There are 2 protein chains.
Amino acid sequence: MATDTYSRILDSAQSLIVTRGYNAFSYADIAAEVGVGKATIHHHFPGKADLAVAVIARYRQATADGMGAMAAQVTQADMRLAAYVGFWEQCIRDNNAPFCIAALLAAELPSLPPEVAEQVKAHFDELIDRLTVFIDEGLQSGALKSPDNAEKSARLLVASVHGAMLAARVAGGDADLFSSITQAALQRLTG
Amino acid sequence: MATDTYSRILDSAQSLIVTRGYNAFSYADIAAEVGVGKATIHHHFPGKADLAVAVIARYRQATADGMGAMAAQVTQADMRLAAYVGFWEQCIRDNNAPFCIAALLAAELPSLPPEVAEQVKAHFDELIDRLTVFIDEGLQSGALKSPDNAEKSARLLVASVHGAMLAARVAGGDADLFSSITQAALQRLTG
DNA sequence: CCGTCTCTACCGACTAGTTGGTCGGGAGTC
DNA sequence: GACTCCCGACCAACTAGTCGGTAGAGACGG
């Protein structure tokens, strides 16, 4: 199913969206980067929205897989949250994907094609759900504590992480700044 | 200095940037909205970057004025933070400026003209500085408490607010969701 | 083994529309 | 006369998307 060209187009689109957003990348950019004609991209993804949807859909699947694998290895709730935050810290440090695509697209949401916006919303819901489960378990086992319920705590944590990404980007990709902010956010839950 | 047309162009540009970001608004959009020719915009702002810089510069000034006026009226640190957060909650509720321009542009930062990026960074620095001062006073007077120092607390608060803006936007401009997240963030400081 | 039939992957050349930006000039004011 | 404000007409460059066509692989029948 997934040709080499097909996934290389997805890779290129993903990295372009991460750095520039939806509105500031073009088929020409991808064509040049992948080394194919523009028409080839249209062959695999009829329209720009289809391409973006495919990118986020793959991203959601990767997130699901990664979170699942992590949860299988790490059993304690506080360590799970630390792993989630640490994953992004490493991404920023390596500068390979220094921003959550969904968070970036969320900013542009009002100017996004509806199908793309749908995917962004879906990712947010899934992310909150997953972290809510982790935090809920942690609150019950005593590994975590919070004056709020699990869902509210999850929403605040996600907001802090996304805001920290913005701060790190403004500071020129400062992974230490990201870490400093997110560690403070985690401390609220680990006590 | 500031002609009517001049500031109406700025108003239009500001609202377009807030909803669409830098890369997805055009001179034609503004011309249609304000009811002038495209060339008129170029008369006042030679290039797109000049326009964006002017928008953020005015925004920074308005922030400075507003924060100053608020600080003059509200003397207690915890109330000052609540006023800052409450201002944005009201903006989202009224849907007039449901996002911080600087936060939106921060997401697009790598694709922004350098002069614009400079303004965005300047706003972030100013905002952090101001809130750091508020929090520092609150920590000394005992109105606030935090395991972290004032600057770190300010950075976490700002990140939470910006992340909450993203969450609210994804949820279709849900001001209650924004409030829920930011109140939890404030609670960390007010105890 | 040969022909042909079909399907996928791919591309060069094109289109209609939009982008930011320029130019020369007109109207009003000091 | 000089200056500010503004405009219609224009431009080169770029945008997403279309079109007809090619090259190759696999399947089928003879």
Side-chain angles (χ1 to χ4, degrees), chain A residues 1-17 19-56 58 105 108 110-117 119, chain B residues 1-58 101 104-105 108-119:
Chain A
M1 289 297 113
T3 327
D4 184 48
T5 305
Y6 178 91
S7 49
R8 278 172 60 213
I9 292 174
L10 275 182
D11 292 342
S12 175
Q14 175 155 354
S15 83
L16 281 170
I17 292 178
T19 52
R20 313 226 275 246
Y22 178 82
N23 296 296
F25 85 93
S26 75
Y27 274 53
D29 294 327
I30 299 177
E33 203 171 287
V34 177
V36 297
K38 277 198 310 169
T40 303
I41 306 174
H42 282 283
H43 168 70
H44 291 285
F45 311 94
K48 196 180 182 182
D50 302 286
L51 176 53
V53 165
V55 167
I56 317 176
R58 191 182 66 162
L105 294 178
E108 302 183 281
S111 72
L112 254 40
E115 323 97 273
V116 181
Q119 288 284 331
Chain B
M1 292 296 113
T3 324
D4 184 48
T5 305
Y6 178 91
S7 49
R8 278 173 59 213
I9 292 173
L10 276 182
D11 292 342
S12 175
Q14 176 155 353
S15 83
L16 281 169
I17 293 178
V18 164
T19 51
R20 313 226 275 245
Y22 178 83
N23 296 296
F25 85 94
S26 75
Y27 274 53
D29 294 328
I30 299 177
E33 202 170 288
V34 178
V36 297
K38 278 198 312 170
T40 303
I41 307 174
H42 281 284
H43 168 71
H44 291 286
F45 310 94
K48 195 180 183 182
D50 301 285
L51 175 54
V53 165
V55 167
I56 317 177
R58 191 182 67 160
I101 314 185
L104 225 179
L105 294 178
E108 302 183 283
L109 207 82
S111 72
L112 256 39
E115 323 97 272
V116 181
E118 209 64 41
Q119 288 283 333

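Protein chains get the first letters and strands the later ones, always in sequence-line order, with residue 1 at the start of each. Computed from a prediction, not measured in an experiment: that's the story for all the values here.
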**Request:** Could you state the atom-to-atom distance from CG of A:Asn23 to C1' of C:dT18 in whole Å?
**Result:** 14 Å
**Prompt:** In whole Å, what is the span from the OH atom of B:Tyr6 to the P atom of D:dC6?
**Reply:** 12 Å
**For atom CD1 of A:Ile41 and atom P of D:dT15, their distance in whole Å** = 11 Å
**Nucleotide nearest B:Lys48 when distance is taken to its side chain, options C:dC10, D:dA16, C:dG20** = C:dG20
**Item:** Nearest heavy-atom neighbours spanning B:Leu105 and B:Ile17
**Value:** CD2-CG2, 3.9 Å
**Item:** Heavy-atom pair with the smallest gap, counting every atom of A:Ile41 and A:Ala31
**Value:** CD1-N, 3.7 Å
**Message:** So if I define the base as every atom that isn't primed, P, OP1 or OP2, how would nucleotides 18-26 of chain D read as a B/S/- string at a heavy-atom cutoff under 4.0 Å?
**Reply:** BB-------
**Distance below 4.0 Å between B:Thr40 side-chain N/O and D:dC5 OP1 or OP2** = no
**All side chain to side chain donor-acceptor pair (under 3.5 Å) counterparts of A:Arg58, not counting sequence neighbours** = A:Asp11, A:Gln14
**Request:** Let me know the distance between CG of A:Leu51 and C1' of D:dG17, rounded to the nearest Å.
**Result:** 13 Å
**Message:** Expected output is a numbered-order residue list: members of residues 10-20 of chain B with a heavy atom under 4.0 Å from any atom of DNA chain D. What is it?
**Reply:** none
**Asked** Do any pairs count as a salt bridge (Lys or Arg N to Asp or Glu O under 4.0 Å) and have a residue in residues 41-57 of chain B, sequence neighbours left out, and if so which ones?
**Response** none
**Request:** Please check the phosphate of D:dC5 (OP1 and OP2 only) for any side-chain N or O of B:Thr5 closer than 4.0 Å.
**Result:** no
**Item:** Spacing of B:Ile101 atom CD1 and B:Gln119 atom CD [to the nearest 0.5 Å]
**Value:** 11.0 Å
**Asked** OP1 or OP2 of D:dT4 sitting under 4.0 Å from any side-chain N/O of B:His44?
**Response** no
**Asked** Which angle, to the nearest 10 degrees, lies between the helix axes at the two ends of the helix from C:dC1-D:dG30 to C:dC30-D:dG1, each defined by five pairs?
**Response** 10°
**Request:** Output every pair passing side-chain hydrogen bond (donor to acceptor under 3.5 Å, both in side chains) with a member in residues 22-41 of chain B, not counting sequence neighbours, ordered by first then second residue.
**Result:** B:Ser12-B:Glu33, B:Arg20-B:Asp29, B:Asn23-B:Glu108, B:Asn23-B:Ser111, B:Ser26-B:Asp29
**Request:** Tell me, with the steps shown, if A:Thr19 and A:Phe25 meet side-chain contact (heavy atoms from CB on, under 4.5 Å).
**Result:** CA-CA 9 Å; A:Thr19 52; A:Phe25 85 93; over 6 Å; no
**Prompt:** Can you list the residues that meet the side chain to side chain contact (heavy atoms under 4.5 Å, CB included) rule with B:Glu115, with sequence neighbours excluded?
**Reply:** B:Ala49, B:Val53, B:Pro113
**Item:** Interatomic distance, B:Leu10 atom CG to B:Leu51 atom CG [nearest 0.5 angstrom]
**Value:** 6.5 Å
**Message:** Which residues in residues 24-36 of chain B have a heavy atom closer than 4.0 Å to any atom of DNA chain C?
**Reply:** B:Phe25, B:Ser26, B:Tyr27, B:Ala28
**Complete:** Value for CG (B:Leu104) from CG (B:Leu109), rounded to nearest 0.5 Å, stands at 12.0 Å
**Asked** Rounded to the Å, how far apart are B:His43 NE2 and D:dA9 P?
**Response** 20 Å
